[in-house]
Participant: 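First the structure, then my questions, so here it is.
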Amino acid sequence: MNLINTIVIGLKEIWAHKFRSLLTMFGIVLGVASLVGMSALIKGMENGMRESMVAMGGADKVLLEAQAVPAYQDHLADQAPGRTIRDVFALREGAPLLRVVSPEMTVPEVILTRGEKACDPSECVGAWPEVLEMNLHTVEHGRFFNAIDEERAHAVCVVGTGIRDALFGSPDEIGREIIPIGEKIQIGGQPFTIVGMFQHYMGEQEAKERALARRTPKAEPGSFQGPKRQKGWGKRGGWAFSRKNMTVYMPLNTAWVRFRIAGDLDGIPDPRLSDIDIKVRDLSNLEAALQQARNVLLVTHNGIEDFNFRTQENQVESINKQIENARMSGGIIAGISLLVGGIGIMNIMLASINERIREIGTCKALGATGTEIFIQIIVESVVLSILGALLGLLASGGLVEVLGLISPTGNTPVVTWQSQAIAVAFSAGVGIVAGLFPAVKAARLSPIQALRYE
Amino acid sequence: MALLELRNVSKIYHTGGEEIRALDDVSLELNNGEFISIIGPSGSGKSTLMHILGCLDLPTKGEVWLDGINISKASQRELARVRNRTIGFVFQSFNLLPKLSVLQNVELPMVYAGIGGSQRRERATAALNLVELGHRLKNRPNQLSGGQQQRVAIARALVNDPKIILADEPTGNLDTHTGEVILNLFRQLSIQGRTVILVTHNPEIAAVTPRRVEIRNGKVAERVDERLAGLHRQAAAAGMAAGLGVPG
Ligand SMILES: Nc1ncnc2c1ncn2[C@@H]1O[C@H](COP(=O)(O)OP(=O)(O)OP(=O)(O)O)[C@@H](O)[C@H]1O
Ligand SMILES: [Mg+2]
């Protein structure tokens, strides 16, 4: 008995009860749709996190974090020096296993203005040129700060394209790209000159959209175009990048002189840095490099452990954990609906063989063996579940659209063929398991009883 | 040697502590090419006998020999194979599969015999031509009349070229005229050398067959009841036989 024939008979059987079969398939449809949708969402999250990891400086970046002094040093807490520029010099000299040490001094809660326009940068930071390598920035127009800027605390800054868009207008709005080198803006009320601008950072998704937009011809100038719409570059799938585009850097000394000293009206200005970031020479030698840095810092900190290292590895680990959790809960939901779908299929298969007892008896009288009847029922059950799975794949398309709209991270969900294959295979498995009991029951039916059944 | 032989076969049912002897120590020999009717009142055990002759069921006691093989010891799989190759069934209520076309219904026994698609189609079409339904291949069974459905069932019974055709009340659901057409078909099959066994309680049908076996209370009757066998209307039966083109 060949398989195609069996499948054709199974399809006929399903087609004979279209509506009933459709209802039965619904559990599987939902299960598959939620499985595929869920994994698409998680894949999107994963992509977003990976991209943001790169956007924030790559996997080899280590943060030197401040931490509360440990309990046994509690009595020394008021002597803890915090992270200062001394640490940076000491690390440069005393820790050859480090490649880059980059100090940062954040200018908090500052607003950039230019005439009427204002914007809120993601970070406004005083830094050394090391910050470029640390945070993977590229200056595309103009220049970065030099030693004289640093030494004399010049009021100069380098901005991201997002700042330019906000203060001067974006290329999409005004149709040409403004390069604001030499322009003056106000940072926290103080005049600064823009000496450089970073390249425009974007995720894969945006890069694709841009390429597409470039290929489609622009509307004729002068023809009616309707009101201008916000295109929202950099929103979709690239919150990490749009954040990176909203960066403003100034020389470290400038931040210190113009904001810290002036900002602190009474007493001694706070000399502490807001960040020290490190890159090690050899990632495979991370442990040793960090130990070396720790030794150096224990000297500059008088043995007080008010600092800690945070590697991206820790970050990756916690991200992976989150993804794992999301996957687990999504998988459980999908699994439950597939299980319910399976029970529905089993139910309908039992009803179906009950209706067909005479037919089964006839087939046996004509020479069908128990095995052949068994296979027939199993195939029907699997065909039912796979049809449901295919419908589920269709439905998952719509579901993913909706998820994309309401997704909290703004990452586009990505449907992978792996998740689709797994969903279909799983449904087929559910079909087999659900068909097992009815199939055994049908195969065991004695032909006499089946023929006598009215 | 007999084609089909029952040796002291009993079929006993136990229902509610009661013992029902549907067949009680039946011994019977059927030879190749015989045309036989099994007659008897309702509940006498005709269908039970037919199920055992057709290898649909195994006896509680005794032996069934088919073609020199002891069927009573066969496995379910072997029984299915015998039913498929050696026996063709025709039922009172036709038992065609409603979702398959006429052609597919007739192909079904060959599907179970593992015969390839093109040969299946060819042989099924030939069998349907034989029962003069070659023009209704694509129809569903419920689009045919009762007589036509029974002819499809006969085509299906024939298609694997079985030695034995077993029919349980094949004309029971048909009017007299259609019944005669169906009966005529069985007659021709018998003439072609097939063993045909008709189970019936209709004396007119029993009268057509050269040999009659009467079952009474699960036993083979010593002497066939003439009225039941329709022999008192021999003349009429002969007339009918002549009408069917059978030499008297
Ligand atoms: N599965 C069963 N369980 C119990 N008793 C049974 C079973 N099958 C048949 N019988 C009994 O066996 C006897 C013979 O039944 P069978 O069907 O062979 O009669 P029949 O001669 O074919 O009757 P009819 O002419 O009405 O078809 C009956 O008394 C019936 O009740
Ligand atoms: Mg009967």
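Reminder, nothing fancy here: chain letters follow the sequence lines and each chain counts from 1. This one's a predicted model, so the numbers in the text were calculated from it and none came from an experiment. Any value given below was found using the heavy atoms of this structure, including those in side chains, with hydrogens, waters and symmetry copies removed.
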Participant: For A/Ala365, which atoms come within 4.5 Å of any heavy atom of chain B: side chain, backbone, both, or neither?
Facilitator: both
Participant: Does B/Gln192, at its CD atom, have more than 12 non-hydrogen atoms belonging to other residues, nucleotides or ligands within less than 6.0 Å?
Facilitator: yes
Participant: Check this for me: B/Lys163, atom NZ, are more than 12 non-hydrogen atoms of other residues, nucleotides or ligands nearer than 6.0 Å?
Facilitator: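 Open.
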Participant: Could you look at B/Leu56 and say if it's the side chain, the backbone, both or neither that has a heavy atom under 4.5 Å from chain A?
Facilitator: both
Participant: If you count every heavy atom of other residues, nucleotides or ligands that lies below 6.0 Å from A/Glu355 atom CD, does the total exceed 12?
Facilitator: yes
Participant: Please determine whether the number of non-hydrogen atoms from other residues, nucleotides or ligands lying under 6.0 Å from atom NZ of B/Lys73 exceeds 12.
Facilitator: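 Open: at most 12 neighbouring heavy atoms sit under 6.0 Å from NZ of B/Lys73.
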Participant: If you measure from OG1 on A/Thr369 to CZ on B/Arg81, what distance do you get to the nearest 0.5 Å?
Facilitator: 11.0 Å
Participant: Pick one of side chain, backbone, both or neither for B/Arg156, based on which atoms fall under 4.5 Å of a heavy atom in chain A.
Facilitator: side chain
Participant: Would one find more than 12 heavy atoms of other residues, nucleotides or ligands at under 6.0 Å from atom CG of B/Asn8?
Facilitator: yes
Participant: Do you know which of B/Gly116, B/Pro98, B/Gly54 has the most heavy-atom pairs under 4.5 Å to chain A?
Facilitator: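 Max contact count across the listed options: B/Pro98.
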Participant: For the atom pair CG (A/Leu11) and NZ (B/Lys99), what is the distance rounded to the nearest 0.5 Å?
Facilitator: 13.0 Å
Participant: Compare every heavy atom of B/Ala80 with every heavy atom of A/Ala368, then report the nearest pair and how far apart it is.
Facilitator: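 What the structure gives for the nearest pair is O-CB, 3.9 Å.
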Participant: Run A/Lys12 and B/Leu97 through side chain to side chain contact (heavy atoms under 4.5 Å, CB included) and show every step you take.
Facilitator: CA-CA 12 Å; A/Lys12 274 195 177 137; B/Leu97 302 195; over 6 Å; no
Participant: On a heavy-atom basis, which atom in A/Cys363 and which in B/Leu108 lie closest, and how many Å separate them?
Facilitator: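 Shortest heavy-atom contact: SG-CD2, 4.0 Å.
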Participant: If every non-hydrogen atom of B/Tyr112 is compared with every non-hydrogen atom of A/Leu366, which pair is closest and at what distance?
Facilitator: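 Where B/Tyr112 meets A/Leu366 most closely, the heavy atoms are CD1-O, 4.2 Å.
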Participant: Within a reach of under 6.0 Å around CZ of A/Arg20, are more than 12 heavy atoms found that belong to other residues, nucleotides or ligands?
Facilitator: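 Check passes, neighbour count above 12.
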Participant: Restricting to non-hydrogen atoms, name the atom on A/Lys364 and the atom on B/Arg83 that form the minimum distance, rounded to 0.1 Å.
Facilitator: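 Heavy atoms only, the tightest pair is O-NE, 2.8 Å.
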Participant: Contact between A/Thr371 and B/Arg77 at the side-chain level, heavy atoms closer than 4.5 Å - yes or no?
Facilitator: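 Yes - at least one pair of side-chain heavy atoms lies under 4.5 Å apart.
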Participant: Got a sec: does the CZ of A/Phe426 have more than 12 other heavy atoms crowding it under 6.0 Å?
Facilitator: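 No, CZ of A/Phe426 has 12 or fewer neighbouring heavy atoms, counting only those of other groups under 6.0 Å.
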Participant: Taking atom CD as the centre, does B/Gln143 end up with more than 12 heavy-atom neighbours from other residues, nucleotides or ligands that are less than 6.0 angstrom away?
Facilitator: yes
